[in-house]
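Reminder, nothing fancy here: chain letters follow the sequence lines and each chain counts from 1.
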Amino acid sequence: MGELKRSHFCNDLSAENVGEEVTLMGWVLRRRDHGGVIFIDLRDRWGITQVVFNPEVEKEVHAKAHDLRSEWVLAVKGRVERRPDDMENPNLKTGEIEVLVSELRILNTSQTPPFPLDEEMEVSDNLRLKYRYMDLRRPGMAANIITRHNATKAIRDYLNNNNFLEVETPILTKSTPEGARDYLVPSRVNAGRFFALPQSPQLFKQLLMVSGMDRYFQIVRCFRDEDLRADRQPEFTQVDMELSFIGEDDIYNVAEGMMSHLFKVTRGIDLDTPFARMTYDEAIDRFGTDRPDTRFGLELISLTDTVRNCGFQVFRTVVEKGGLVKSINAKKCAHFSRKDLDNLTEYVGQFGAKGLAWVKVKEEGEWQSPIAKFFTDEERADMSGVLQAEEGDLLFFVADQPAIVNQALAELRLELARRLSLVNKEVFNFIWVTDFPLLEYDHDEKRHTAVHHPFTAPKEEDLGLLDTDPGQVRSRAYDMVLNGSEIGGGSIRIHQKQLQSKVFNALGISNEEADEKFGFLLQALELGAPPHGGIAFGLDRLLMIICERESIRDVIAFPKTQKATCPLTDAPSSVARKQLTELYLRPDWE
RNA sequence: GGGGUCGUAGUUCAGUUUGGUUAGAACGCCGGCCUGUCACGCCGGAGGUCGCGAGUUCGAGUCUCGUCGGCCCCGCCA
């Protein structure tokens with residue numbers, strides 16, 4: 001760069017700077033060579049400035065500019081000039097001016113980029129990840145990274161102003177049963193032993209409460225060795241927090257305040273607080289899922305009682321076996337074609353539904369449907385009544401075991417909303433889902449497992465059920481749901497050893513195993529653990545919504561592919577045999 | 001572990017249904033011309049193991065099987 005020193009960024013200059021000598025540094029976005037005058041759009045993180053090379057002004061510099069190519073790195077010194085009349089570019093922040101270059105330094109050349117940095121062009125994910133540093137030059141991606149910075153800054157500011165301490169917790173930690181598969185790290189110093197990377201800092205943040213930190217938070221990487229999705233990476237970031245001497249309402253308050261600040265800073269949006277609340281049971285009942293998207297209707301309606309004694313054997317048998325019959329009334333959709341319906345039937349099939357019954361409501365409530373003949377006039381009228389069916393409506397039915405009915409119709413509801421364009425992207429519907437069950441039965445393992453995690457406190461009024469009917473115990477867990485996406489979850493924790501042991505027992509964890517795996521926590525609970533609780537937010541998912549992207553990969557600087565690999569570094573890779581033997585590992589796959 | 005979909009020039013894609021001469025387009029790239037463009041324009045040019053491997057066939061980008069990779073989903077995971 002010689003003696004050149006950058007004086008401005010590429011979005012700084014305006015008509016007010018006309019006449020000034022400035023020095024800009026950046027990348028060549030585009031070159032427009034007119035044989036005579038040459039225009040270069042110079043780009044940096046902040047913006048774009050047009051710089052001009054005129055042969056009548058600086059003949060040698062102009063000649064040098066002839067060689068410039070896309071993505072070369074330049075330093076240019078020159079005078080800010082107002083553009084001639086009618087030559088202003090309203091699409092550029094710096095469009096009023098241009099820099100007439102008197103001195104050009106080529107700081108670096110560049111090969112032709114492996115893909116165009118044009119925002120409009122779709123480029124395959126593999127290429128984008130292999131050359132991620134090029135991908136991140138694209139203004140849209142750069143904006144996401146900048147938004148991510150602004151988001152974490154806003155979160156830190158808010159929590160700092162509310163008496164929270166940011167405390168780091170170990171990345172090399174102990175493998176614990178329950179939950180997701182661990183990433184393991186072999187210990188060289190301790191033959192045959194392994195660290196695990198944390199699935200979350202759950203136990204450490206509880207210990208920080210025992211240590212009297214009172215209000216902790218951390219923006220922290222978490223690791224789960226499970227299969228990937230558009231919204232799931234093996235390493236992801238949580239906004240993790242824990243508070244002492246609090247109840248649910250205190251958590252809701254802090255979390256709502258933090259979200260309000262976050263959305264104000266990143267999107268300029270004022271959120272309505274407090275957020276709506278809904279129990280788990282109500283969410284399942286009305287939406288079939290514990291993370292309902294409440295931006296549109298199409299709610300699930302139960303017909304189980306209505307059809308209990310009906311003439312249609314399929315429905316009757318399902319109800320007799322403890323199943324459900326639920327329905328969605330797709331208003332004014334009776335025009336759906338047979339192909340549409342086959343299509344939707346296939347769609348719900350992947351969620352386990354063995355069929356999708358449908359009814360088109362015609363004049364005077366008449367049913368056009370393959371199943372119409374199985375019902376009496378009265379039964380059809382009863383069902384139409386419950387569903388508030390009107391001429392032109394399309395009714396869908398699924399009858400099966402509750403889990404299948406709810407999932408199939410929940411997914412059908414979302415698919416219908418997409419097809420009917422009912423989803424308003426400008427709306428941010430936050431809700432708290434509360435009163436989750438504490439335990440669910442795992443048919444493979446033949447025992448109960450924790451719905452949230454094993455440290456979640458049961459509701460006091462349900463404590464008696466822990467021995468008699470554990471599946472019916474409700475917990476003090478809560479999720480924050482935004483537009484159908486679970487963006488955070490937490491609970492009030494157990495802070496007394498006796499209750500914690502009891503829950504471990506309900507989970508089928510013996511006293512010995514509890515001591516071996518969680519002894520340190522149980523000990524801490526006996527040394528003055530305060531009542532406490534907390535919540536953790538998925539920062540990547542939040543940003544995906546804030547940045548209006550379809551994948552969390554777009555808000556992570558260096559994400560992994562669906563196979564959990566990194567095309568840029570080629571990780572994971574094989575290692576030297578010596579490294580393995582040092583770690584007391586003997587491969588048997590060769 | 002399973003289902004779907006894609007893989008052709010540097011990039012994005014057409015061509016695959018119905019196998020048949022030299023595999024096309026746009027953008028990009030290279031060269032030339034051009035003093036007011038901003039997705040500059042005009043003229044010319046180069047550029048392809050059709051992901052990889054087997055098979056069917058006189059002949060495969062096109063059909064079959066396998067395999068690798070990207071993406072989406074189920075299971076899994078909060």
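- Taking atom CZ on Arg30(A) and atom P on rC27(B), their separation rounds to 14 Å, with Å as the unit.
- Whole-Å rounding puts the Ile48(A) CD1 to rU37(B) P distance at 18 Å.
- Base contact: Arg83(A) has a heavy atom under 4.0 Å from a base atom.
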Please lay out, stage by stage, how Arg541(A) and Thr237(A) fare under the test side chain to side chain donor-acceptor pair (under 3.5 Å). CA-CA 9 Å; Arg541(A) 283 185 190 176; Thr237(A) 303; over 6 Å; no
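- Distances from the side chain of Arg32(A) to the nucleotides rG75(B), rA78(B), rC40(B) place rC40(B) closest.
- Checking Phe236(A) against Glu411(A), the closest nucleotide of RNA chain B that is more toward the 5' end is the one next to Glu411(A).
- rG4(B) and rU67(B): their P atoms are spaced 14 Å apart (whole Å).
- rC77(B) is unpaired under the criterion used here, namely a Watson-Crick or G-U wobble arrangement in which both key atom distances are under 3.5 Å.
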Dump the intermediate steps for side chain to side chain donor-acceptor pair (under 3.5 Å) on His532(A) and Gln206(A), then the final yes or no. CA-CA 8 Å; His532(A) 63 283; Gln206(A) 290 191 239; 3.2 Å; yes
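- The same atom, C1', is picked in rG20(B) and in rU37(B); the two are 49 Å apart, to the nearest Å.
- Phosphate proximity of rC40(B) to Gln50(A): absent, as no side-chain N or O sits under 4.0 Å from OP1 or OP2.
- No hydrogens or angles were tested; on distance alone, a donor-acceptor pair under 3.5 Å links the side chain of Arg232(A) to the base of rC77(B).
- The same atom, P, is picked in rA9(B) and in rG24(B); the two are 14 Å apart, to the nearest Å.
- Comparing rC72(B), rU11(B), rA78(B) by their nearest atom to the side chain of Asp479(A) picks out rA78(B).
- Comparing the same atom, C1', in rC68(B) and in rU12(B) gives a spacing of 23 Å after rounding to whole Å.
- In this structure, the CZ atom of Phe39(A) is 12 Å from the P atom of rA39(B), given to the nearest Å.
- Checking rA78(B), rG36(B), rG75(B) against every side-chain atom of Glu486(A), the shortest atom distance belongs to rA78(B).
- Tyr280(A) and Asp479(A) share no donor-acceptor pair across their side chains, judged by distance under 3.5 Å alone.
- Of the candidate nucleotides rC40(B), rG36(B), rC77(B), rG36(B) has the atom nearest to the side chain of Met87(A).
- Nucleotide rU22(B): unpaired (no Watson-Crick or G-U wobble partner with both distances less than 3.5 Å).
- You won't find any donor-acceptor pair under 3.5 Å spanning the side chain of Arg224(A) and the base of rC76(B), going by distance alone.
- Note on residues 40-94 of chain A: pairs passing ring pair (Phe, Tyr, Trp, His ring centres under 6.0 Å), not counting sequence neighbours, are Phe9(A)-Trp46(A).
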Between Arg493(A) and Ser491(A), is a side chain to side chain donor-acceptor pair (under 3.5 Å) present by the stated rule, with each step listed? CA-CA 6 Å; Arg493(A) 327 295 183 189; Ser491(A) 62; 2.7 Å; yes
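- Among the atoms of the strands shown, only primed sugar atoms or phosphate atoms (P, OP1, OP2) are found under 4.0 Å from some heavy atom of Gly179(A).
- Paired with Asn406(A) under the rule side-chain contact (heavy atoms from CB on, under 4.5 Å), one option of Asp290(A), Thr289(A), Leu324(A) passes, and it is Leu324(A).
- Spacing between atom CD of Glu88(A) and atom P of rC38(B) amounts to 15 Å, rounded to whole angstrom units.
- Under 3.5 Å, the side chain of Glu98(A) and the base of rG36(B) form at least one donor-acceptor pair of N or O atoms.
- Residue Arg229(A) contributes atom CZ, which lies 7 Å from atom P of rG75(B) at whole-angstrom precision.
- Regarding Asp227(A), its CG atom lies at a distance of 15 Å from the C1' atom of rA78(B), rounded to whole Å.
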Just the table, please: protein N/O against nucleotides 68-71 of chain B N/O, every pair under 3.5 Å.
| unit_1 | atom_1 | unit_2 | atom_2 | d |
| --- | --- | --- | --- | --- |
| rG69(B) | OP2 | Lys563(A) | NZ | 3.1 |
| rG70(B) | OP1 | Thr561(A) | OG1 | 3.1 |
| rC71(B) | OP1 | Gln562(A) | N | 3.2 |
| rC71(B) | OP2 | Gln562(A) | N | 2.8 |
| rC71(B) | O3' | Arg553(A) | NH2 | 3.1 |

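- Pairing for rU16(B) is absent, with no Watson-Crick or G-U wobble pair whose two atom distances lie under 3.5 Å.
- Among the atoms of the strands shown, none is found under 4.0 Å from any heavy atom of Ile38(A).
- Distance, Leu117(A) CG to rG10(B) P: 18 Å, rounded to whole Å.
- Atoms CG (Asp182(A)) and C1' (rC77(B)) sit 12 Å apart, rounded to a whole Å.
- Base pairing annotation: rG69(B) forms a Watson-Crick or G-U wobble pair with rC6(B), both donor-acceptor distances under 3.5 Å.
- Residues satisfying the side chain to side chain donor-acceptor pair (under 3.5 Å) criterion with Glu20(A), sequence neighbours excluded, are Asn17(A).
- The partner of rA60(B) cannot be assigned: no Watson-Crick or G-U wobble pair with both contacts below 3.5 Å exists in any strand.
- Remark: the separation of the P atoms in rC52(B) and rG36(B) is 48 Å, to the nearest Å.
- Between Glu550(A) and Gly488(A), the residue anchored closer to the 5' end of RNA chain B is Glu550(A), taking for each the nucleotide with the nearest heavy atom.
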Distances for protein N/O vs nucleotides 14-16 of chain B N/O pairs under 3.5 angstrom?
none

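- Within 4.0 Å of Pro116(A), counting heavy atoms only, lie sugar-phosphate atoms of the nucleic acid but no base atom.
- Residue-level contact check: Asp290(A) touches the bases, meaning some heavy atom is under 4.0 Å from a base atom.
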Given protein heavy atoms under 4.0 Å, the one-letter contact record of nucleotides 28-35 of chain B, with B base, S sugar-phosphate only and - none, is simply SSSS--BB
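- For Phe504(A), the ring pair (Phe, Tyr, Trp, His ring centres under 6.0 Å) partners are Phe518(A), not counting sequence neighbours.
- Here rC34(B) sits opposite no nucleotide as a Watson-Crick or G-U wobble pair (both hydrogen-bonding atom distances under 3.5 Å).
- With Asp540(A) as the partner, the side-chain hydrogen bond (donor to acceptor under 3.5 Å, both in side chains) test is satisfied by one option alone out of Gln233(A), Gln238(A), Arg148(A): Arg148(A).
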